[in-house]
**Q** 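Got a structure for you, written out below as C-alpha cells; questions coming shortly.
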Amino acid sequence: MTQNLNIFLDETGKKNNELSLIGVISIPVNFYNSNKIQELNNELKKNSFKLHFTQYDKSHYDIYIKVIKSMLQTNGIIKMNGIIFKKSQFYSHPLLKSKVNDMIYEKVPERVIYGLLRNYSNLESIMAKIYIENSEEYQARNLAINIKEQINTHALYRFDNFKIRKSNLVSKNQQIGVEFTDILIGILRYIICFRDIIGDLNHISKTALSKVPLINDLLPFLENLFSETSIFELSYQDHLCEVPLNNYLALFKSMLVALNDNHPEYFTNDEFKKIKKDESTIF
C-alpha cells in the first residue's frame with residue numbers, strides 16, 4: 001500500500017532577524033486535491049487574496065481564519081516539523097563561518113524534510129512531492145534537484161520506506177500549501193519570540209499587536225497540530241535538541257493572560273482584531 005504526500009517547505013526570519021525557523025508540513029494528496037482545498041488554491045492563483053504572515057494586517061483577518069479552518073478541518077491529517085536556530089552562533093565558528101549560508105540553505109532543508117518523513121510508518125510506502133517557495137538562495141544552490149537526490153540516497157542508506165518523486169521551487173500565490181506553511185511557521189516564530197516581540201505590555205507596537213487577536217482566535221484550530229509537533233533546536237551541540245511545541249505554547253498562553261489583564265480591550269474590541277468589510281481593500 002502506498003500513501004502519496006505533498007511536502008511544503010518555507011522559512012522565516014532569514015534576513016535581519018536573529019532567530020530563524022525552517023518548517024515543513026506534509027499533506028496527503030487526496031486531501032490536498034479535495035474540492036474545498038482546491039477552491040482555495042484557485043482563488044489564490046487568481047490573486048483573490050495573498051498570504052504572507054510578516055506582512056499581516058487587520059484587513060487579512062477573515063482570509064487567515066478561512067484558510068486555517070479549511071486546512072485543519074480534520075485533525076491528524078497534516079503533520080509538521082521544524083528546525084530553529086540563531087545564525088550568530090554559527091557565524092562565530094572559528095574555521096567554518098563562511099559555510100553558514102550553505103548549511104542554512106542546503107543542509108537544514110534536507111534535515112527538516114527527512115525528519116518529517118522518517119516518522120511515518122515503514123509498513124506502507126510513501127511517495128512524496130516537495131514544493132519549496134522559490135528564492136534566489138535556493139535557485140543558486142539548485143536546491144529542488146539536490147534535495148531530492150540527497151533525501152532519496154539517505155533513505156536508501158537507512159532503508160526507509162519512502163521516496164521523493166519530484167521536487168519543485170514554486171513562486172508565490174501558486175500553491176496554497178506553501179502559503180499555509182508560511183502562516184504556520186510565521187505564527188510559530190511569533191509564539192516562540194513573543195516575549196521579545198511584545199516587550200513592554202503597555203507599549204506594544206501596532207504591527208505586533210495586530211497579530212495577537214488573530215493568533216488568539218486561531219489557537220483552538222492550531223492546538224491539535226501543535227500538540228503533536230516538536231521543534232528541533234540547532235545550536236552548539238553536536239545534535240538537534242527536540243523541544244515539544246507545547247513548552248513554547250504554555251509560555252505564550254501565560255503571556256496572553258498577562259496581556260489580557262493589562263489590556264482586555266485587545267481581546268474584546270473587534271477594532272483591534274479586524275477592519276470592517278466595507279473598509280477592506282482585499283475582499
**Q** Tell me who clusters with Leu96, hydrophobic residues only, linked when side chains sit under 4.5 Å apart either directly or through other members.
**A** Leu95
**Q** Mind checking what makes side chain to side chain contact (heavy atoms under 4.5 Å, CB included) contact with Asn146, not counting sequence neighbours?
**A** Asn142, Glu149, Gln150
**Q** With no hydrogens and no angle check, just 3.5 Å: does a side-chain donor-acceptor pair link Tyr61 and Ser210?
**A** no
**Q** Please list, chain by chain and in numerical order, all residues satisfying salt bridge (Lys or Arg N to Asp or Glu O under 4.0 Å) with Glu223, sequence neighbours excluded.
**A** Lys253
**Q** Taking side-chain hydrogen bond (donor to acceptor under 3.5 Å, both in side chains) as the definition, give me every residue that meets it alongside Gln139, ordered by chain and number, with sequence neighbours left out.
**A** Asn134
**Q** Any ring pair (Phe, Tyr, Trp, His ring centres under 6.0 Å) pairs touching residues 20-44, not counting sequence neighbours?
**A** Phe8-Tyr32
**Q** According to salt bridge (Lys or Arg N to Asp or Glu O under 4.0 Å), who are the partners of Asp270, at least two apart in sequence or on a separate chain?
**A** Lys273
**Q** Holding to side-chain hydrogen bond (donor to acceptor under 3.5 Å, both in side chains), I want the full list of residues that pass it with Lys99, two or more places apart in sequence or in another chain.
**A** Asp102
**Q** Check side-chain hydrogen bond (donor to acceptor under 3.5 Å, both in side chains) between Asp160 and all other residues, then give those that pass, not counting sequence neighbours.
**A** Tyr114
**Q** Restricting to ring pair (Phe, Tyr, Trp, His ring centres under 6.0 Å), what partner residues turn up for Phe226, sequence neighbours left out?
**A** none
**Q** For Lys172, what residues pass the side chain to side chain contact (heavy atoms under 4.5 Å, CB included) criterion, not counting sequence neighbours?
**A** His52, Glu133, Glu179, Asp182
**Q** Who are the salt bridge (Lys or Arg N to Asp or Glu O under 4.0 Å) partners of Lys107, not counting sequence neighbours?
**A** Glu110
**Q** Glu43: which residues meet the salt bridge (Lys or Arg N to Asp or Glu O under 4.0 Å) condition with it, sequence neighbours left out?
**A** Lys66
